[in-house]
Q: 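Quick one: this structure, given as structure tokens, is what I'll be asking you about.
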Amino acid sequence: MNKKRLAEFLTVHDLPCPKFAAVTTAEELQMESSKIGFPLIVKPTRSNFGRGIKKFEKWEDLKTFYDNDKEIDKEYIIQPFIIGSDITCNVICKNGEVLCHSIQESPVKYGSNFSHNDIIVFHDDNQVIRTVARMMKLLHWNGVACVDIRRNNKDQSILILEINGRFWASMVASYIRAGINFPEIMASLALGETVEFPFNVRQTKYHSLNIFRINYGLRKLHLKTLNISVILLTLLPDWPNW
């Protein structure tokens, strides 16, 4: 939930992430932005779904935004804007061990769009899963997570941006295109059932504009999956006790 604390954690443990600075005053903003350089992005320390993230090309526009839109006592972090593709690594973990995962990636992003992607490709990537697995082990993570990563277009390095402790918007695509039924796996684990984890993720494209047709297809899925939201809500208090 707290972007500054996550960035600090990643830095301390030598996990790849963008440079960052936390700012609460106009003076800090000017000093830190001059160090990071433009273009840069500004993020509220606490936010979700890309809300409040803005890109700035020069100091004058950044200062105007800060003076006009800043809420009282609100904290921001600033980071360099990095041209690259958006990667999402979806995982289920138990005691920090990644039990299953899928990886999806967008085309290269050049602009200031921080919302959902139009096209994603499912594939496997050893660098991504090794990095995410090390992070989840350090966090002793239990349950589902959706890890947002940016692949730098200049050198193809990966940078961890956020961890979302929830299911993701393309979860149905993970089932249809990558062949991994994350909600059913989570429910089976919570019920103490034996689970056979899928390992091979075939490369395939998913167009988010088809989401309504995909959701309509849910009625054809196994009854256990259809009722999964009720099951997960019932079992939610027990997840930390695995």
Side-chain angles (χ1 to χ4, degrees), residues 1 3 6 10 15-17 48-50 84-107 109 114-151 158-190 195-208 210-211 214-215 217-218 221-222 224-225 228-229 231-233 235-236 239-240 242:
M1 293 296 293
K3 295 176 174 59
L6 175 60
L10 296 172
L15 287 159
C17 66
N48 52 25
F49 296 105
S85 56
D86 288 334
I87 301 171
T88 302
C89 182
N90 308 308
V91 299
I92 291 177
C93 300
K94 184 175 181 180
N95 298 325
E97 178 188 358
V98 176
L99 301 179
C100 65
H101 74 277
S102 69
I103 297 171
Q104 59 197 56
E105 187 163 358
S106 77
K109 298 289 188 71
F114 305 107
S115 59
H116 303 300
N117 302 310
D118 293 326
I119 299 173
I120 55 178
V121 176
F122 287 86
H123 62 85
D124 221 338
D125 188 304
N126 288 333
Q127 180 189 20
V128 170
I129 191 57
R130 282 199 307 266
T131 302
V132 170
R134 187 162 76 89
M135 176 177 65
M136 295 319 225
K137 194 169 189 65
L138 287 166
L139 289 167
H140 308 287
W141 194 276
N142 275 294
V144 70
C146 165
V147 181
D148 291 333
I149 298 168
R150 173 60 63 101
R151 190 190 302 279
I158 60 170
L159 302 165
I160 298 171
L161 304 179
E162 295 188 9
I163 306 173
N164 305 290
R166 55 169 173 76
F167 288 107
W168 44 97
S170 59
M171 185 183 64
V172 176
S174 298
Y175 173 76
I176 293 175
R177 299 300 188 187
I180 304 177
N181 192 329
F182 284 93
E184 185 172 41
I185 291 171
M186 276 294 297
S188 296
L189 288 170
V195 179
E196 292 185 8
F197 297 106
F199 290 101
N200 297 320
V201 179
R202 61 186 182 276
Q203 179 162 317
T204 180
K205 289 186 178 180
Y206 162 68
H207 296 257
S208 63
N210 292 332
I211 190 66
I214 289 174
N215 282 334
L218 273 172
L221 297 183
H222 194 280
K224 187 175 185 180
T225 305
I228 210 66
S229 59
I231 295 173
L232 290 179
L233 286 173
L235 297 173
L236 184 62
W239 289 4
W242 287 358

Q: Which distance, rounded to the nearest 0.5 Å, do you find between the CG of Leu139 and the CZ of Arg134?
A: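 Going from the CG atom of Leu139 to the CZ atom of Arg134 covers 11.0 Å.
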
Q: Measuring from atom CD1 of Ile158 to atom CD1 of Ile87, what distance do you get when rounded to the nearest 0.5 angstrom?
A: 6.0 Å

Q: Which of these, Asp148, Val132, Val147, sits in a side-chain contact (heavy atoms from CB on, under 4.5 Å) with Ile160?
A: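 Single side-chain contact (heavy atoms from CB on, under 4.5 Å) partner of Ile160 among Asp148, Val132, Val147: Val147.
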
Q: Measure the CD1-CG distance between Ile149 and Asp86 for me, rounded to the nearest 0.5 Å.
A: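 Result: 10.5 Å between the selected atoms.
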
Q: Show the nearest heavy-atom pair for residues Ile92 and Ile185, with the distance to one decimal.
A: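 Heavy atoms only, the tightest pair is CD1-CG2, 3.6 Å.
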
Q: Would Ile120 and Ser170 satisfy side-chain contact (heavy atoms from CB on, under 4.5 Å), going step by step from the backbone distance to the final call?
A: CA-CA 9 Å; Ile120 55 178; Ser170 59; 4.0 Å; yes

Q: State the NZ-CD1 distance between Lys3 and Ile163, to the nearest 0.5 angstrom.
A: 11.5 Å

Q: Would a distance-only check, ignoring hydrogens and angles, find a side-chain to backbone donor-acceptor pair under 3.5 Å from Ser85 to Glu105?
A: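 Not confirmed, Ser85 side chain does not pair with Glu105 backbone.
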
Q: For the CE atom of Met135 and the CG atom of Leu6, what is their distance to the nearest 0.5 Å?
A: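 Here the rounded value is 7.0 Å.
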
Q: So, for Val98 and Ala133, which heavy atoms are closest and what is the spacing to 0.1 Å?
A: CG2-CA, 3.9 Å

Q: Closest approach of Leu138 and Leu15, non-hydrogen atoms and distance?
A: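 Answer, listing the atom of Leu138 first, then Leu15: CD1-CD1, 4.1 Å.
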
Q: Which atoms form the tightest heavy-atom contact between Trp168 and Ala145, and what is the distance?
A: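 Scanning both residues completely, I find the closest heavy atoms to be CZ3-O, 3.9 Å.
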
Q: Can you tell if the side chain of Ser102 reaches within under 4.5 Å of the side chain of Phe182, non-hydrogen atoms only?
A: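 With C-beta onward as the side chain, the pair touches.
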
Q: Determine yes or no for a side-chain-to-main-chain donor-acceptor pair under 3.5 angstrom, with Asn90 supplying the side chain and His101 the backbone.
A: no

Q: Flag the pair Val121 / Gln104 as yes when at least one side-chain heavy-atom distance between them is below 4.5 Å, and no otherwise.
A: no

Q: Answer yes or no: is there a side-chain heavy-atom contact under 4.5 Å between Asn95 and His140?
A: no

Q: If I compare all heavy atoms of Ile119 with all of Pro107, which pair ends up nearest, and what's the gap?
A: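 Result for this residue pair: O-CD, 3.2 Å.
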
Q: At their closest point, which heavy atom of Phe167 faces which heavy atom of Met186, and how far apart are they?
A: CZ-CG, 4.0 Å

Q: Distance check, rounded to the nearest 0.5 Å: Cys17 atom SG versus Leu161 atom CG?
A: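 Those atoms lie 9.0 Å apart.
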
Q: Show the numbers, then the answer: is there a side-chain contact (heavy atoms from CB on, under 4.5 Å) between Asp125 and Arg151?
A: CA-CA 12 Å; Asp125 188 304; Arg151 190 190 302 279; 2.8 Å; yes

